[in-house]
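First up is the structure itself, then whatever we jot down about it.
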Amino acid sequence: MGLYPLKFNPIMKDRLWGGEKLKSLFNKPSETDTTGESWELSAVKGDVSIVSNGAIKGTSLQELIDEQGEALLGKSVVNRFGREFPILIKFIDAKQDLSIQLHPNDALAKERHDSFGKTEMWYIMDADPGAKLIVGFNKDVEKEAYKKSLEDDTLLDLLNYEEVTSGDTFFINTGKIHAIGAGVLLAEIQQTSDITYRVFDFNRKDKEGNLRELHTDLALDAIDYTKKDDFKVAYNTTKDQVNGMVDCPYFKTNFLDLEKDLSQDVTTRDSFTIYMCVEGSATVTNDYGSAELTKGETILVPASSTKIAIATSGVKLLEVTI
């Protein structure tokens with residue numbers, strides 16, 4: 001049997017800073033009012049996605065990788081990553097500010113945690129008026145000055161704040177200090193890694209009244225202390241064509257704003273294709289079947305596809321490949 005476009009059950013994550021938008025706007029299966037994340041595509045141990053549609057409903061993503069390998073992932077992807085799914089796809093709802101954090105690069109993550117690093121990108125789907133992100137420093141900072149800011153509780157004075165609106169896109173490379181601000185709903189594409197160094201959490205306490213763990217010492221050698229303006233992604237939004245957004249060693253992301261059907265020959269792509277629907281709806285079809293896609297949903301189209309057809313009268317998609 002050929003592999004048709006696959007949908008997966010979302011893996012819901014309750015977070016101290018989460019809210020209700022994933023349920024109210026996307027109809028995600030949340031039972032709390034502090035749901036922060038919907039893991040749409042994951043092969044992280046303990047949080048492996050399960051197929052929700054078609055003949056192989058109930059099969060895990062890892063089982064598919066083990067059984068189908070190149071047909072699912074693509075030969076080039078298997079050559080680079082073996083039987084590991086290389087990216088993690090999420091929707092995130094921040095009702096409160098997230099902790100200020102950063103992620104180590106591949107070398108440091110491998111040495112310390114036997115893990116990949118965590119390069120990621122954010123696409124803003126919705127933002128309350130005045131909502132902001134923290135991305136990087138507002139000036140070059142010496143390590144000792146950074147350490148003193150932690151001691152003096154003045155770290156916030158050193159950080160760069162970016163007010164955001166729907167459609168804004170940010171690329172967060174490893175080492176860059178960052179945080180999602182209250183009132184932001186976004187799509188996140190990242191390397192498969194759950195390694196985060198939390199450096200400041202606004203002195204909040206969890207439900208048990210405990211302060212969350214900080215990773216101050218681990219972060220010191222992982223931070224990029226220089227001020228850089230390399231995070232805001234400029235991209236075209238031309239309708240009814242594929243617009244490039246991010247092209248990095250870990251993933252490639254395109255933006256599609258379609259008002260009519262689009263068909264692509266992907267014979268030479270040699271990678272799976274992911275579609276995250278950020279507005280509207282569409283039907284995605286490959287050689288072996290089709291699936292419906294609506295706002296807040298994600299589809300994985302296997303690498304064995306030779307064509308992908310998107311039928312719609314109005315949809316905005318993030319298209320992700322390796």
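Side chains included, hydrogens not; waters and symmetry mates left out as well; all remaining heavy atoms used. Note that the coordinates shown come from a computational prediction; the quantities given were computed from them, not determined experimentally. In what follows, residues are counted from 1 in the order of the sequence shown.
- With hydrogens and angles left out, the side-chain atoms of Arg80 and Ser76 include no donor and acceptor closer than 3.5 Å.
- The closest side-chain heavy-atom distance from Thr165 to Ile124 is not below 4.5 Å.
- Of all the heavy atoms in Leu220 and Lys143, the pair that sits closest is O-CE, 3.7 Å.
- Using a 4.5 Å heavy-atom threshold, the side chains of Asp201 and Leu211 count as separate.
- A salt bridge is defined here as a Lys NZ or Arg NE, NH1 or NH2 lying under 4.0 Å from an Asp or Glu carboxylate O, and Lys232 with Glu162 fails to meet this definition.
- Checked against side-chain contact (heavy atoms from CB on, under 4.5 Å), Lys110 has the following partners two or more places apart in sequence or in another chain: Asp114.
- The CG atom of Asn138 sits 7.0 Å away from atom CG of Leu159, with the distance rounded to the nearest 0.5 Å.
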With ring pair (Phe, Tyr, Trp, His ring centres under 6.0 Å) as the test, would you mind laying out the steps for Phe170 and Tyr123 before giving the verdict?
CA-CA 7 Å; Phe170 295 83; Tyr123 175 89; over 10 Å; no
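- Ion pair Glu40/Lys28 flagged as a salt bridge, since at least one NZ, NE, NH1 or NH2 atom sits closer than 4.0 Å to an Asp/Glu carboxylate oxygen.
- Side-chain atoms of Arg83 come within 3.5 Å of backbone atoms of Ile65 as a donor-acceptor pair (strictly under, hydrogens ignored).
- The heavy-atom pair separating Lys132 from Val184 by the smallest distance is O-CG2, 4.1 Å.
- Residues satisfying the side-chain contact (heavy atoms from CB on, under 4.5 Å) test with Glu70, not counting sequence neighbours, are Lys75, Val78.
- With 3.5 Å as the limit, one finds a donor-acceptor pair spanning the side chains of Asp14 and Thr34.
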Starting from the C-alpha separation in whole Å, work towards a yes-or-no answer on side-chain contact (heavy atoms from CB on, under 4.5 Å) for Asp240 and Asp257.
CA-CA 6 Å; Asp240 300 315; Asp257 183 357; over 6 Å; no
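- Of the possible polar contacts, none joining the Glu67 side chain to the Leu64 backbone as a donor-acceptor pair under 3.5 Å is found.
- For Pro10 against Pro29, the heavy-atom pair with the smallest separation is CG-CD, 3.7 Å.
- Under 4.0 Å is where a charged nitrogen must lie from a carboxylate oxygen, and between Lys307 and Asp265 no such pair does.
- Listed by first and then second residue, the side chain to side chain donor-acceptor pair (under 3.5 Å) pairs involving residues 46-57 are Lys13-Asp47 (not counting sequence neighbours).
- Note on Arg198 versus Glu213: no salt bridge recorded, every NZ/NE/NH1/NH2 to OD/OE distance being 4.0 Å or above.
- Counting only heavy atoms from C-beta outward, the side chains of Thr298 and Ile274 approach each other to under 4.5 Å.
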Expected list for residues 314-322: side-chain donor-acceptor pairs under 3.5 angstrom, two or more places apart:
unit_1: Glu319; atom_1: OE1; unit_2: Asn254; atom_2: ND2; d: 2.9
unit_1: Glu319; atom_1: OE2; unit_2: Gln264; atom_2: NE2; d: 2.8
unit_1: Glu319; atom_1: OE2; unit_2: Tyr275; atom_2: OH; d: 2.7

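- With respect to Lys227 and Asp229, a salt bridge is recorded, a charged nitrogen being found less than 4.0 Å from a carboxylate O.
- By the 4.5 Å heavy-atom criterion applied to side chains, Leu61 and Ser42 are not counted as neighbours.
- Between the CG atom in Asp153 and the CG atom in Leu156 there is a gap of 7.0 Å [rounded to 0.5 Å].
- Sorted by first then second residue, the ring-ring contact (aromatic ring centres under 6.0 Å, His included) pairs that include residues 187-226, not counting sequence neighbours, are His113-Tyr197, Tyr146-Tyr225, Phe200-Phe202.
- Each of Met276 and Ile92 belongs to its own hydrophobic cluster when Ile, Leu, Val, Met, Phe, Trp and Tyr are linked at side-chain heavy-atom distances under 4.5 angstrom.
- Within the structure, ring-ring contact (aromatic ring centres under 6.0 Å, His included) contacts touching residues 5-27 (residues at least two apart or in different chains) are Phe26-Phe91.
- Contact check for Asn286 versus Pro302: side-chain heavy atoms found under the 4.5 Å cut-off.
- The hydrophobic clustering, which links ILVMFWY residues whose side-chain heavy atoms are closer than 4.5 Å, places Ile56 and Val48 together.
- Applying the salt bridge (charged side-chain N to carboxylate O under 4.0 Å, His left out) criterion to Asp140, with sequence neighbours excluded, gives no partner residue.
- Thr306 pairs by the side-chain hydrogen bond (donor to acceptor under 3.5 Å, both in side chains) definition with Asp287, not counting sequence neighbours.
- The NZ atom of Lys23 sits 13.0 Å away from the CG atom of Asp93 when rounded to the nearest 0.5 Å.
- The salt bridge (charged side-chain N to carboxylate O under 4.0 Å, His left out) check on Lys139 picks up nothing, with sequence neighbours excluded.
- In summary, the side chains of Asp126 and Ser166 do not present any donor paired with an acceptor at a separation below 3.5 Å, with no hydrogens or angles considered.
- Sorted by first then second residue, the ring-ring contact (aromatic ring centres under 6.0 Å, His included) pairs that include residues 31-78, not counting sequence neighbours, number zero.
- Between the side chain of Asp261 and the backbone N or O of Thr312 there is at least one donor-acceptor pair closer than 3.5 Å.
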Which donor-acceptor pairs under 3.5 Å do the side chains of residues 101-108 make with protein atoms, sequence neighbours left out?
unit_1: Gln101; atom_1: NE2; unit_2: Ser99; atom_2: O; d: 3.3
unit_1: Gln101; atom_1: NE2; unit_2: Ser99; atom_2: OG; d: 3.0
unit_1: His103; atom_1: ND1; unit_2: Ile195; atom_2: O; d: 3.0
unit_1: His103; atom_1: ND1; unit_2: Thr196; atom_2: OG1; d: 3.3
unit_1: His103; atom_1: NE2; unit_2: Glu120; atom_2: OE2; d: 3.2
unit_1: His103; atom_1: NE2; unit_2: His178; atom_2: NE2; d: 3.3
unit_1: Asn105; atom_1: OD1; unit_2: Ala107; atom_2: N; d: 3.3
unit_1: Asn105; atom_1: OD1; unit_2: Leu108; atom_2: N; d: 2.8
unit_1: Asp106; atom_1: OD1; unit_2: Gly117; atom_2: N; d: 2.8
unit_1: Asp106; atom_1: OD1; unit_2: Gln191; atom_2: NE2; d: 3.1
unit_1: Asp106; atom_1: OD2; unit_2: Tyr250; atom_2: OH; d: 2.8

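- Put simply, Leu72 and Val301 are part of two different groups of oily side chains (I, L, V, M, F, W, Y) that touch within less than 4.5 Å, one to the next.
- Put simply, the side chain of Thr192 does not reach to within 4.5 Å of the side chain of Phe81, judged on heavy atoms.
- Rounding to the nearest 0.5 Å places CD1 of Ile87 at 10.5 Å from CE of Met121.
- Considering only residues two or more places apart in sequence or on other chains, Tyr235 meets the ring pair (Phe, Tyr, Trp, His ring centres under 6.0 Å) condition with Phe255.
- The backbone N or O of Ile50 lies less than 3.5 Å from no partner atom in the side chain of Ser60, so there is not a single donor-acceptor pair.
- Asn160 contributes atom CG, which lies 14.0 Å from atom NZ of Lys228 (distance to the nearest 0.5 angstrom).
- Judged purely by distance below 3.5 Å, without hydrogens or angles, the side chains of Asp224 and Thr226 pair a donor atom with an acceptor atom.
- In summary, Lys147 and Glu144 engage in a salt bridge, as defined by a charged side-chain N under 4.0 Å from a carboxylate O.
- The closest donor-acceptor contact from the side chain of Lys239 to the backbone of Leu256 lies at 3.5 Å or more, if one exists at all.
- Here the CD-CG distance, from Glu188 to Leu88, works out to 7.0 Å after rounding to the nearest 0.5 Å.
- Trp122 and Ile134 sit in two unconnected hydrophobic clusters of ILVMFWY residues. Membership requires side-chain heavy atoms under 4.5 Å apart, directly or through other members.
- Under the 4.5 Å side-chain heavy-atom criterion for ILVMFWY residues, a single connected hydrophobic cluster contains both Leu22 and Ile89.
- Side-chain atoms of Met125 and Val278, non-hydrogen and from C-beta on, do get closer than 4.5 Å to each other.
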